[in-house]
Amino acid sequence: AKGLGKNQICFYSEEMGLQLVRKMELEKDLQLALENNQFFIMYQPKWNVKTNSLVGFEALIRWQHPRLGLVAPGEFIQIAEGTGLIVPMTKWALEQACRQCKEWQSQGLQQPVSVNLSVRLFQNDSLQELVQNVLDKFELAPHLLELEITESMVLYDINDIIRQLQGLRELGVRVSMDDFGTGYSSIGLLDRLPIDALKLDRLFTNDLENPSKRAVINAIIMMANNLQLDIIAEGVENQEHIDLLARLGCYVMQGYYYGEPMREAEIHEWVRTNEH
Ligand code: C2E
Ligand code: CA
Ligand code: CA
Ligand code: CA
């Protein structure tokens, strides 16, 4: 038993060492990833089950590392937030998404695109200007752009954030609260936040069988209705999810059931297959 314990200690420290090495390597390589064109965007459809129609796409960033292969955003977004690289990365992602959305328009796809906005972007004074410039550059109508923010912003100067959110909405873009109900709670601020929609985190969707969790989801949906916020469920993977969510009054959904994040080139095929 003693020997095993020792081995386990060795195993864990080696594992931790490897993780640290990987993290340091990613941090170093991330500096060059943007200029070396190693990022690309995948798009995931959002579906309205009431109207049975496509209502938008979310842009999700990917990093094709030359040696490590595809690295998940879960691994590098946090690093990018720490180093500040998140700002130029987001500008790049916004440009890609707006360019793509403009192209869809010309091809008859009318749906908006949404882009994830780290709270770090709000520490940049010129967020409104940044977004306006990207819209101008691609001549995209503002209502076709949605920005997804997270509740972690409650940790910052909330009056400043509210002012900046108002600035964004004055441009005509939509704002939604991502991962709602996880992490920091923004519930006490919800009536003050100038936002258009709540995105129910996929943890809720996964817990729909649980009656007490379902009560919480039900309450969130009713609150969203009362505050005149749209609601969209994430992580919808099967028909049971769809039935339960629709019964609770949530009709807009995103998840593997409808489509996984896709490359630009795959979108048209997906649209053709899902047309009615
Ligand atoms: P998120 O914004 O909550 O994005 C949804 C994540 O759930 C995506 O993971 C998506 O692939 C995954 N997903 C979608 N449907 C399902 C499903 O039915 N089941 C399951 N199990 N998962 C599903 P992804 O692409 O790995 O992104 C992870 C997170 O990384 C995102 O979470 C977002 O917070 C962040 N992220 C991604 N792209 C960007 C970006 O351009 N900027 C910023 N700031 N963050 C980003
Ligand atoms: Ca999101
Ligand atoms: Ca989310
Ligand atoms: Ca999430």
Side-chain angles (χ1 to χ4, degrees), residues 26 30 33-34 38-47 49 56-64 69-101 112-124 127 130-131 134 145-153 174-184 186 195-208 220 230-242 244-245 250 252-263 266 270:
L26 292 179
L30 201 56
L34 202 54
Q38 290 164 5
F39 292 123
F40 65 100
I41 304 277
M42 290 188 104
Y43 297 90
Q44 187 178 35
K46 300 180 183 180
W47 192 265
V49 293
F57 289 100
E58 177 173 2
L60 293 156
I61 198 164
R62 296 288 178 268
W63 180 12
Q64 186 68 50
L70 205 59
V71 186
E75 245 190 312
F76 65 85
I77 292 290
Q78 228 187 331
I79 299 176
E81 288 177 334
T83 61
L85 261 174
I86 193 71
V87 177
M89 270 172 64
T90 304
K91 182 165 183 264
W92 178 84
L94 261 173
E95 290 191 344
Q96 293 303 304
C98 289
R99 180 194 51 72
Q100 181 63 78
C101 190
V113 73
S114 63
V115 175
N116 292 284
L117 215 60
S118 156
V119 70
R120 292 265 170 250
L121 272 293
F122 288 84
Q123 296 168 319
N124 238 36
L127 179 57
L130 188 155
V131 173
V134 176
L145 178 64
E146 179 169 326
L147 301 169
E148 299 190 3
I149 58 171
T150 64
E151 292 181 286
S152 60
M153 61 185 197
R174 272 173 62 91
V175 178
S176 61
M177 174 72 77
D178 203 357
D179 303 339
F180 184 74
T182 62
Y184 307 98
S186 59
I195 58 175
D196 302 280
L198 297 183
K199 292 190 83 175
L200 258 186
D201 194 79
R202 77 162 177 271
L203 293 176
F204 288 111
T205 305
N206 283 326
D207 266 345
L208 275 166
I220 294 176
D230 291 338
I231 188 134
I232 163 165
E234 299 186 298
V236 175
E237 293 181 352
N238 54 52
Q239 190 64 50
E240 291 79 70
H241 288 162
I242 299 166
L244 284 164
L245 284 163
C250 174
V252 181
M253 316 198 175
Q254 185 179 347
Y256 294 166
Y257 181 86
Y258 294 104
E260 291 186 25
M262 288 171 271
R263 289 173 185 267
E266 299 170 299
W270 183 91

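When a ligand or atom number is given, it counts from 1 through the structure's own listing order.
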- prompt: Could you go step by step and tell me if Arg62 and Glu75 meet the salt bridge (Lys or Arg N to Asp or Glu O under 4.0 Å) rule?
  reply: CA-CA 10 Å; Arg62 296 288 178 268; Glu75 245 190 312; over 6 Å; no
- prompt: Numbering the atoms of ligand 1 from 1, which are under 4.0 Å from a heavy atom of Asp178?
  reply: 1 (P), 2 (O), 3 (O)
query: Are Lys199 and Lys46 close enough that some pair of their side-chain heavy atoms sits under 4.5 Å apart?
result: yes
field: Within-cut-off N or O pair, Ile61 and ligand 1, under 3.5 Å
entry: yes
- request: Check each atom of ligand 1 against the heavy atoms of Glu58 and keep those under 4.0 Å away; list them by number with element.
  value: 2 (O), 4 (O)
query: Taking heavy atoms and a distance under 4.0 Å, where does Lys199 meet ligand 1: side chain, backbone, both or neither?
result: neither
- prompt: Under 4.0 Å from ligand 1, counting heavy atoms only, is it the side chain of Met89, its backbone, both or neither?
  reply: neither
task: Examine the proximity of ligand 1 to Asp179 and report which part, side chain or backbone, both or neither, has a heavy atom under 4.0 Å away.
output: side chain
query: Would you say the side chain of Phe180 lies within less than 4.5 Å of the side chain of Ile195, judging by non-hydrogen atoms?
result: no
- prompt: Sub-3.5 Å donor-acceptor pair from the side chain of Asn238 to the main-chain atoms of His241, do we have one?
  reply: yes
task: Pick one of side chain, backbone, both or neither for how Val236 approaches ligand 1, counting any non-hydrogen atom pair under 4.0 Å.
output: backbone
- request: Using a 4.0 Å heavy-atom cut-off, say whether Glu260 meets ligand 1 through its side chain, its backbone, both or neither.
  value: neither
- prompt: So which heavy atom on Thr205 is nearest to which on Gly235, and how close?
  reply: CG2-O, 3.4 Å
message: So is Ala72 touching ligand 1 or not, going by heavy atoms under 4.0 Å?
response: no
message: For atom 42 (N) of ligand 1, tell me which residue out of Asp201, Asn116, Thr182 has the closest non-hydrogen atom.
response: Asn116
field: Distance-only polar pair, side chains of Ser118 and Glu81, donor-acceptor under 3.5 Å
entry: yes
query: Can a donor-acceptor pair be found between the side chains of Glu237 and Asn206 at a distance below 3.5 Å?
result: no
statement: Atoms of ligand 1 under 4.0 Å from any heavy atom of Gln44, numbered from 1 in the order shown, are 14 (C), 15 (N)
query: Quick one: which ligand 1 atoms are inside 4.0 Å of a heavy atom on Ser118?
result: 44 (N)
message: Is there a polar contact, in the sense of an N or O pair closer than 3.5 Å, between Tyr256 and ligand 1?
response: yes
query: Hey, is Gln254 touching ligand 1 through its side chain, its backbone, both or neither, going by heavy atoms under 4.0 Å?
result: neither
statement: ligand 1 to Pro261, heavy atom cutoff 4.0 Å, flagged ligand atoms 11 (O)
query: Does the side chain of Ile232 reach to within under 4.5 Å of the side chain of Trp47, using non-hydrogen atoms?
result: no
All side chain to side chain contact (heavy atoms under 4.5 Å, CB included) counterparts of Tyr257, not counting sequence neighbours: Val236, Gln239, Ile242
message: With nothing but distance in play, are any N or O atoms of Arg62 less than 3.5 Å from an N or O of ligand 1?
response: yes
statement: Under 4.0 Å between heavy atoms, the region of Ile77 that gets near ligand 1 turns out to be side chain
- request: State whether the shortest distance between N or O atoms of Glu237 and N or O atoms of ligand 1 falls below 3.5 angstrom.
  value: yes
query: If you draw a 6.0 Å radius around CD in Gln78, do more than 12 non-hydrogen atoms from other residues or ligands fall strictly inside?
result: no
query: Is it true that Arg174 and Asp230 make a salt bridge, defined as a side-chain N closer than 4.0 Å to a carboxylate O?
result: yes
field: From Asp201 atom CG to Glu151 atom CD, the distance as rounded to the nearest 0.5 Å
entry: 9.0 Å
message: Heavy-atom distances under 4.0 Å decide this one: backbone, side chain, both or neither, for Arg202 against ligand 1?
response: side chain
message: Would the distance check show the side chain of Trp270 and the main-chain N or O of Tyr258 forming a donor-acceptor pair, the cut-off being under 3.5 Å?
response: yes
task: Could you verify whether a donor N or O on one side chain and an acceptor N or O on the other, from Glu146 and Ser114, lie under 3.5 Å apart?
output: no
message: Does either side chain, that of Gln254 or that of Gln44, offer a donor lying less than 3.5 Å from an acceptor on the other one?
response: yes
The Ca ion (ligand 2): protein N, O or S atoms that are less than 3.0 Å away, sorted by chain: Glu58 OE2, Asn116 OD1, Glu148 OE1, Asp178 OD2
